[in-house]
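Read through the structure below, which is laid out as structure tokens, and then see the notes.
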Amino acid sequence: MAITCQSGGTRTIVLYHLHLHNRIVFYVPASPCQRIDSDLFPGIVLWMKRDDLLHPQVSGNKFRKLKYPLLALKDRQPHLVSMGGLWSNHIHALAHAAAIAGYPSTAFIRAADGMNSDMLDDCRRLGMEIHYVSREIYRRLRENDQHWRSLLLDANEDYVWLPEGGSTPAALHGVAELVIEVGATLGSDPDVFMVACGTGATMAGIIAGAQGKSKVIGVAAIKNAEYLHADISRLLKNAAYPDDQNYLLLTDFHQGGYAKITIELMTFCDMFQQQTGIILEPVYTGKMLYTLHQLCKQNYFPPQTCVVAVHTGGLQGNRGFSDTPLFARISVASTAKR
């Protein structure tokens, strides 16, 4: 398989500055946009925006969504507070970003007391304080952006709340820069951006950056995701972007629900990885590419449509599947084929 890589030039993305002397802690080069030549996607010209390569820990869409919210705090010494699940990519990225910046951090985790994951072990090692909450309390945290204060009675004005997935209006500005980088690499706007959708913020950011010039197709990774239409519209409005309608949210390709996997999905991910050498995770990017594969087989796109698929990172989450029987079956079969 022929694969070519191009970078977006020498421009770098600054995430945030250290409070002391306002000096840069680290910077990240623009991620490459990689041409994918694979018989899994017939009829289209496919590129992949490799945001999984942005940073070893603060990777993918989490890096982009954290960029401007954290830049806004560069003259403060905040205590960061957020929420997520046992394998949350957002919480994992936030713990690393907070540790690098020297900020204390706290996370509310939707799980029973005593439940654990490698992701949480990473966060604890980085100094993040973990609180377990029930599904009911987690729902209240989603619905009321002040409810967390009733759970942290010692919280003061230095505490800063970041919602689930880091999905703030400011997050859209960082994601929108992805579109500029792709245009610089390709020399023109692609016909379609394809992206996985969880909270809607990454999709909204790409819609904002595309400005209607490219169609944006989002693949919801969760069941009953029609409500994301309203969330995307709200995020665009609150971030002062027009609510452009040149997008499509696909809500029937979730493979059974959030973090659910099937033999067909895992077989596809394995085939893609063998052909391209690009590692996938099945929760977001794997589902999105499998959906693109199915659409291509159905001749959904006009011939030679230029599609940019966004790899949103989150590969740390693969550790959560390593012990499942289905994941093991695919891994054994893959090893045998090699």
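From a predicted model like this one, the values you see are computed outputs, not experimental measurements.
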Which atom of [X] lies closest to which atom of [Y], heavy atoms considered:
X	Y	value
A97	L66	CB-CD1, 4.4 Å
L280	G286	CD1-CA, 4.3 Å
P169	N238	CG-CB, 3.6 Å
L141	F108	CD1-CB, 3.9 Å
A171	K65	CB-O, 3.4 Å
D122	H92	OD2-NE2, 3.0 Å

Exercise: do [X] and [Y] side chains pair donor with acceptor under 3.5 Å:
X	Y	value
T312	N61	no
D39	Q275	yes
Q77	D158	no
D189	S214	no
D52	S59	no

Hydrophobic clustering (ILVMFWY, side-chain heavy atoms < 4.5 Å, transitive) - are [Y] and [X] grouped together?
X	Y	result
V160	L151	no
I137	I109	no
Y300	W47	yes
I206	I232	yes
V133	M128	no

Check for a donor-acceptor pair, side chain of [X] on one end and backbone N or O of [Y] on the other, with a separation under 3.5 Å.
X	Y	answer
T285	E281	no
S117	L86	yes
H96	Q57	no
E129	R124	no
T305	F301	no

Report yes if the side chains of [X] and [Y] come closer than 4.5 Å at any heavy-atom pair, otherwise no.
X	Y	result
H131	T106	yes
W87	V283	no
C306	V192	no
I36	I278	yes
F41	L289	yes
L162	P69	yes
M48	V308	no
C123	I91	yes

For the atom pair [atom1] ([X]) and [atom2] ([Y]), what is the distance rounded to the nearest 0.5 Å?
X	Y	atom1	atom2	value
L265	T267	CG	OG1	8.5 Å
L295	L250	CG	CG	6.5 Å
I44	M194	CD1	CE	8.5 Å

Got a sec, which pairs hit side chain to side chain donor-acceptor pair (under 3.5 Å) with one end in residues 160-172, sequence neighbours left out? Y138-E164, R142-E164, S167-T199

Do Y103 and H79 have ring centroids that are under 6.0 Å from one another?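 No, ring centres 6.0 Å or more apart.
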
Quick check, are the ring centers of Y241 and H173 under 6.0 angstrom apart? yes

Partners meeting side-chain contact (heavy atoms from CB on, under 4.5 Å) with [X] (sequence neighbours left out):
X	result
E157	none
A155	W148, R149, L152, Y159
I279	Q273, L315, N318
R135	R110

Please determine if [X] and [Y] form a salt bridge, counting it only when a charged side-chain N lies under 4.0 Å from a carboxylate O.
X	Y	result
E181	K49	yes
R140	E143	no
K237	D243	no

Kindly determine whether N116 and D121 satisfy side-chain hydrogen bond (donor to acceptor under 3.5 Å, both in side chains), including the steps that lead there. CA-CA 8 Å; N116 200 36; D121 285 340; 2.9 Å; yes

Verdict with reasoning, K74 to L70, per side chain to side chain contact (heavy atoms under 4.5 Å, CB included): CA-CA 7 Å; K74 66 183 179 66; L70 292 186; over 6 Å; no

One pair to check against side chain to side chain contact (heavy atoms under 4.5 Å, CB included): D51 and R64. What are the steps and the verdict? CA-CA 9 Å; D51 270 11; R64 294 187 185 275; 2.4 Å; yes

Mind checking who shares a hydrophobic cluster with L53, ILVMFWY linked at side-chain heavy-atom distances under 4.5 Å?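 Traced through the cluster, L53 reaches no other member.
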
Kindly indicate, with the supporting measurements, whether the criterion side chain to side chain contact (heavy atoms under 4.5 Å, CB included) is fulfilled by I222 and Y227. CA-CA 11 Å; I222 54 179; Y227 70 90; 3.2 Å; yes

Kindly determine whether Y247 and H229 satisfy side chain to side chain contact (heavy atoms under 4.5 Å, CB included), including the steps that lead there. CA-CA 10 Å; Y247 75 87; H229 286 286; 3.8 Å; yes

